[in-house]
Amino acid sequence: MGYILDEFENEIIREIKNTLDLDTKIDIPLEIPDEERGDFALPCFIFSKHLKKSPDHIAKNLVENIKLELGTAEQAGPYVNFKLDNRRLVKETIEKCLEYKESYGKYPNKDEKITLEHTSANPNGPLHVGRARNPIIGDTLVRVYEKMGFEVERQYFVNDIGRQMAIFTWGSLNIDEDGLPEPERDKIDYHMVRYYQKANSLLEENPDIEDEVRGIIHAMEQGDEDILKVFRRNAEKVLEGVTGSLKRLNIHLNSFKNESDFVVDGSVDELISKMDKTEYCEREDGALFFEKEGRRTFLTRDDGTNLYPARDLAYHVWKAERADSLLNVLGEDHKLHGEFLRNALNALDIDPIPEIVFYSFVSFEGQEMSTRKGIYVTLDDLMDTAQEKARDEILKRRDDLSDQEIEEISEKVGMGAVRFNIIKVQPEKPIDFKWEEALNFQGDTGPFIQYTYARSCGILNKSDEEITLEKVDLSKLKEEGEIKLIKTMAKFPKLLSGVQKQNSPHRLAKYGLELASEFNQFYRDHHVLKSRNKKKERILLVTAYKYVLKSLLDTLGIDAPESM
RNA sequence: GGGCGUGUGGCCUAGUCUGGAUAUGGCGACAGCCUCCUAAGCUGUAGAACGGGGGUUCGAAUCCCCCUACGCCCGCCA
């Protein structure tokens, strides 16, 4: 038996088809109406033509004849509203929560492996807030796919070669540390980025360096082991810093693949000759390009050395051999490149082709963030400031906590605020980063949701009764605030499935706010521990709520503080 | 010039894919609520006909066309 709302929806669709005698393949446009009307609704307009009756008539007929076990149908003009039976809702939902605990919402394993590529930022310096959107979206999707039963590989494609990294390498070989400013913090990526930034400014002043940079690019592309070693070592150092920062946000990559591998092992060259044989490739002055719909993408230079599109393509061919499906999280500047990938993989008859989630950039006070130019707010600064703010807020309202407790809670709350603030916006919308918003802990924020978790724990910790399902009568839970809360809890599995199908992680945030808000209203209107006749039932409800919320926060990668 | 995306109350935002019944929530403003499980909470008031214009439809924030503003892209960079 699955989740109750899934079951009810399936029953409705099945019975509508039976009652109206429709083809089983036909799509029934069930929608979710305002909650006062019901849980599902069917507008009957579209059946009008086919059945040659008025929508009202069809609705009436449907309501009179449909047989539902899990709920009821009611006509409202041309609509039929379906309402799940409250007793079923309460019983099934709470039982499921107690059964699944913090993994509530999990669907059975699918035996399907997906490789989800995210972050993949050039490893030349610390992550700034603009880039941080990528791992936060990526990691949230990782968690969603896992809950939906996929096996997920979380992969970082390390662009350890290419022009920017060549400049970085040149800097690390030619610049003496004595001439560099103090790093902004004592962290390896901050030490390293100074070489990159200094190299860029030297390059601007002195164009002769360009030849040396080209020399490095060339040597690397020829597979020069010594140069590659330096490239990789630099990349590794920066990555150590970057993954350290991500860890603080509960983001853990479990797989890294170096771009240079595809050059060294010859797979790029192999791929290029395969591409050359397709009808889409031609040469111009010896340089090979792929052309589709009038757009050219060069795969090699005229001297035969390969270019990024070819290397990324080789990477995707490699990935396709190792997973059932692929998903990439990329900045909007990669849209055209994404088109190319799709077309080229099609031309090679490669499957699977990646789905791509594109996100718009984060600007800061109207400016684009840039590692090269040093215009940015680093993720580390944001995280530190968020934690400090959280600590201040705790000190304002608590005097009963140890230093260590304050430290732990402020970390959870600060990081929750950061992740939530980024994930709550639809990826394709641009974000203009504002400290004031990122550090807001009231209203539509992560801490708002975490707070209700702490509240639910507060109640449960004061109760030492051992309560089990057998000892209670769940049918006592029938007041409006109770039902509304349980109904919102019941929606979580279906929501997860929708988020996965549409790759729309921001909807988890929206749902979390709705869920927490329902709890706050329940909390306001109904006492739990002082309830005369349904204390046990309400304790069980709060326990179930706590599990749902924990599962939701886990999916968002946000820690759940027991107290705050 | 072309392609893609975005434009919803003063500010931020959901809904747009799959058209439907009074457009979601927050911030800010104003007015209230802690002798009662944490007020990072709750309640109420004011505030948007969904960038503009056409069209399709019984019905459009949602679909189509035109225009407009902003972002990204159109490199033998990545």
Side-chain angles (χ1 to χ4, degrees), chain A residues 27 29-31 33-34 37 41 43-46 48 55 76-79 81 122 159 161-166 217 259 284-289 293-309 311-312 331-339 358 360-361 363 368 390 393-394 396-398 413 417 424-432 434 436-437 440-452 454-463 501-502 504 506-507 509-511 513-514 516-517 519-521 523-531 538-539 542 563-564:
Chain A
D27 197 35
L30 264 197
E31 50 187 62
D34 299 337
R37 298 178 191 283
C44 295
F45 307 93
I46 53 151
S48 244
Y79 294 86
N81 293 319
N122 278 339
N159 302 117
I161 57 179
R163 188 182 156 78
Q164 293 309 311
M165 289 304 289
I217 295 175
E259 187 177 344
E284 183 181 65
D285 303 330
L288 186 71
F289 65 82
E293 287 149 14
R295 267 197 305 273
R296 289 182 179 185
T297 307
F298 279 87
L299 301 175
T300 71
R301 297 198 179 84
D302 56 9
D303 63 2
T305 54
N306 56 67
L307 291 161
Y308 170 75
R311 298 191 293 264
D312 198 34
E332 60 176 338
D333 56 338
H334 279 67
K335 276 184 187 170
L336 205 56
H337 178 66
E339 270 308 296
F358 292 105
S360 289
F361 288 126
S363 55
E368 183 196 351
E393 296 297 322
I394 293 166
K396 268 189 223 167
R397 49 202 112 204
R398 301 290 292 267
V413 172
K424 73 176 176 186
V425 181
Q426 197 183 328
E428 49 271 26
K429 286 225 190 202
I431 295 181
D432 190 28
K434 294 191 183 73
E436 188 195 348
E437 279 172 21
N440 181 26
F441 295 169
Q442 290 178 357
D444 287 357
T445 67
F448 168 86
I449 298 175
Q450 289 173 315
Y451 184 63
T452 69
R455 273 184 154 181
S456 68
C457 292
I459 294 170
L460 297 175
N461 291 341
K462 287 194 175 71
S463 150
K501 288 194 185 90
Q502 298 175 46
S504 53
H506 66 286
R507 292 203 298 155
K510 188 79 178 166
Y511 170 78
L513 295 169
E514 188 189 329
S517 175
F519 181 78
N520 279 330
Q521 289 168 54
Y523 184 92
R524 175 197 62 203
D525 295 333
H526 306 288
H527 279 285
V528 176
L529 301 176
K530 285 180 202 154
S531 168
R538 283 188 178 154
I539 287 176
V542 173
S563 159
M564 66 185 267

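Below, chains carry the letters A, B, ... as their sequence lines are ordered, and counting in each starts from 1.
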message: Closer than 4.0 angstrom, basic N to acidic O: yes or no for K510(A) and E514(A)?
response: no

query: Among rC42(B), rA21(B), rG75(B), which nucleotide sits nearest the side chain of S517(A)?
result: rC42(B)

task: Give the nucleotide from the list rA14(B), rA39(B), rC36(B) with an atom nearest to the side chain of H527(A).
output: rC36(B)

- prompt: Does OP1 or OP2 of rU38(B) have a side-chain N or O of K462(A) closer than 4.0 Å?
  reply: yes

message: Taking the minimum atom-to-atom distance to the side chain of R37(A), which one of rC76(B), rA39(B), rU22(B) wins?
response: rU22(B)

message: As a test of reading the structure: which of rG5(B), rA78(B), rA40(B) is closest to the side chain of Q442(A), going by heavy atoms?
response: rA40(B)

task: Using only side-chain N and O atoms of R311(A), determine if any of them is under 4.0 Å from OP1 or OP2 of rA78(B).
output: yes

message: Looking at R507(A), I'd like to know whether one of its side-chain N or O atoms comes within less than 4.0 Å of OP1 or OP2 on rU16(B).
response: no

query: Taking only N and O in the side chain of R524(A), is any of them less than 4.0 Å away from OP1 or OP2 of rU43(B)?
result: yes

- request: Can you figure out which of rG15(B), rU22(B), rG7(B) approaches the side chain of Q426(A) most closely?
  value: rG15(B)

query: Is the shortest side-chain N/O distance from K429(A) to OP1 or OP2 of rA14(B) below 4.0 Å?
result: yes

statement: L307(A) has its side chain closest, among rU38(B), rA78(B), rC37(B), to rA78(B)

query: rG32(B) and rA39(B): how far apart are their C1' atoms, nearest whole angstrom?
result: 13 Å

- prompt: Heavy-atom distance under 4.5 Å between the side chains of I459(A) and Y523(A), does that happen here?
  reply: yes

field: Nearest-neighbour nucleotide for the N520(A) side chain, rA78(B), rG41(B), rC76(B) considered
entry: rG41(B)

- request: Would you please say whether a donor-acceptor pair under 3.5 Å links the side chains of N520(A) and R455(A)?
  value: yes

- prompt: Is any side-chain N or O of R295(A) closer than 4.0 Å to OP1 or OP2 of rC73(B)?
  reply: no

